[in-house]
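Notes to accompany the following structure.
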Amino acid sequence: MATLPLPPGSTLGILGGGQLGRMLALAAARLGFDVAVLERDADSPAGRVAAHTIVGAYDDPAALEQLAAVAQVVTFEFENVPADSVLKLQSLGVEVAPGPEALAVAQDRIAEKQFLNASGAPTVAFSAADTAEEAVAATAAMGAPVLMKTRREGYDGKGQRWVEHAADAAAAFTELGGVPVILEAPADFVRELSIIAARGRDGATAVYPLAENHHEGGILRRSLAPAQVSEDLAFQAEKIAARILKGLNYVGVVGIELFELKDGTLLVNEIAPRVHNTGHWTQDGCAADQFEQHIRAVAGWPLAPTVPHARVEMLNLLGDEAEAWSKLAHEPDTRIHLYGKRDPKPGRKMGHVNKLKAL
Ligand code: AMP
């Protein structure tokens, strides 16, 4: 079993080698840890800044054993880690955070909405459907339009279809692959917001100010933070975050996506049991960013303050936009974060910039 708080010089494991893993690894290195990344690809953004890369699938028992041999605490950069992998690591004496409850809830949109509503964190109305017939009946019962999403494994707006008439639900179900779906009532939102929150191993919590988020084609384009919000809205968001963290007995950073409705109330869209793209602004807007906060939490360290010292506009660099690095490098008050990805496919997240403004 790991000694907690985990002392500097220990090795921390990260499942996943993408940009979130890379920024977690950099934050962990700054706190004196060595990082071991488990990733299918031998040449990954996180692997290139980590002390060790273990090449393998997340459910490869030999790779998990190798990770457990070097790392005392393991975390992950994405939510589709198989539950069995977490159980396997735990059985090998490794502390895994966030825990299996958080993963189970975040991997299934129905379990997620049920958990949220039971915890007092409101969501849109929803129904589950496992067949085309059920999808048609549920759409008719809810009243179209509804947003059909696969229950599992959707991201960046993938795996979703608007259904304008109940009769169209069968075709949408087939287009989404004939897998179990959730049907969601439309959220008539005026803004999309998010809150990045953390809970330590001692149950202490910390929340960053809200971010206002703008998406294009289902992909986050820009975030503005701290968002201009009333005290009441900030209080509602903090209350929602506290309920989620406590309800999941959570350890680590969570990203909570919110809809702000016209009447000034908030609904939760979804939760990500990990560091989140809408929290990248904290790298240049706060003394300790979401990546350090996550490492602190999982390593059993005290949480850091979340007070902002700047307003930040975060812009994702998608596809070949990152090739403008030399122009961006001339801009004052712009901090460039590039992920070291080799292949700038259209829409792929290659980096981001944080543009600093006065608070
Ligand atoms: P998601 O993959 O659930 O985060 O959804 C991606 C985006 O689709 C969100 O950021 C919203 O812009 C939009 N969206 C998701 N769910 C709803 C909903 N129930 N009503 C309206 N828009 C939604």
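Keep in mind that the numbers below use all heavy atoms, side chains included, and drop hydrogens, waters and symmetry copies. For the single chain, residues carry numbers from 1 onward in sequence order. Indexing begins at 1, ligand by ligand and atom by atom, following the structure's order.
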Proximal atoms of ligand 1 relative to Ala187 (non-hydrogen, under 4.0 Å): 18 (C), 19 (N), 20 (N), 21 (C)

From the candidates Leu183, Leu147, Ile219, the one that places a heavy atom nearest atom 14 (N) of ligand 1: Leu147

Gly218 to ligand 1, any heavy atom closer than 4.0 Å: no

Proximity flag Gly159 to ligand 1, non-hydrogen atoms under 4.0 Å: no

NZ (Lys357) with more than 12 external heavy atoms under 6.0 Å: yes

Sub-4.0 Å heavy-atom approach of Phe126 to ligand 1: no

Pro186: numbered ligand 1 atoms lying under 4.0 Å from its heavy atoms: 20 (N)

Donor-acceptor contact present, side-chain Trp281 to main-chain Asn354, <3.5 Å: no

Contacting atoms of ligand 1, where contact means under 4.0 angstrom from a heavy atom of Glu192: 9 (C), 10 (O), 11 (C), 12 (O)

Proximity of Asn269 to ligand 1 by residue part, where a heavy atom lies under 4.0 Å: side chain

Within-4.5 Å side-chain heavy-atom neighbours: Glu164 and Thr139: no

Residue portion contacting ligand 1 (non-hydrogen atoms closer than 4.0 Å) for Lys158: neither

Residue His215 vicinity, atoms of ligand 1 by number, heavy atom under 4.0 Å: 10 (O)

Criterion side chain to side chain donor-acceptor pair (under 3.5 Å) against Gln283, the qualifying member of Arg335, His352, Glu292: His352

Check: Asp263/Thr265 side-chain N/O donor and acceptor closer than 3.5 Å: yes

Contact atoms of ligand 1, heavy-atom distance to Glu257 under 4.0 Å: 4 (O)

Non-hydrogen atom of Lys149 closer than 4.0 Å to ligand 1: yes

Geometric class of the Phe189/Phe259 ring pair [parallel <30°, tilted 30-60°, perpendicular >60°]: parallel

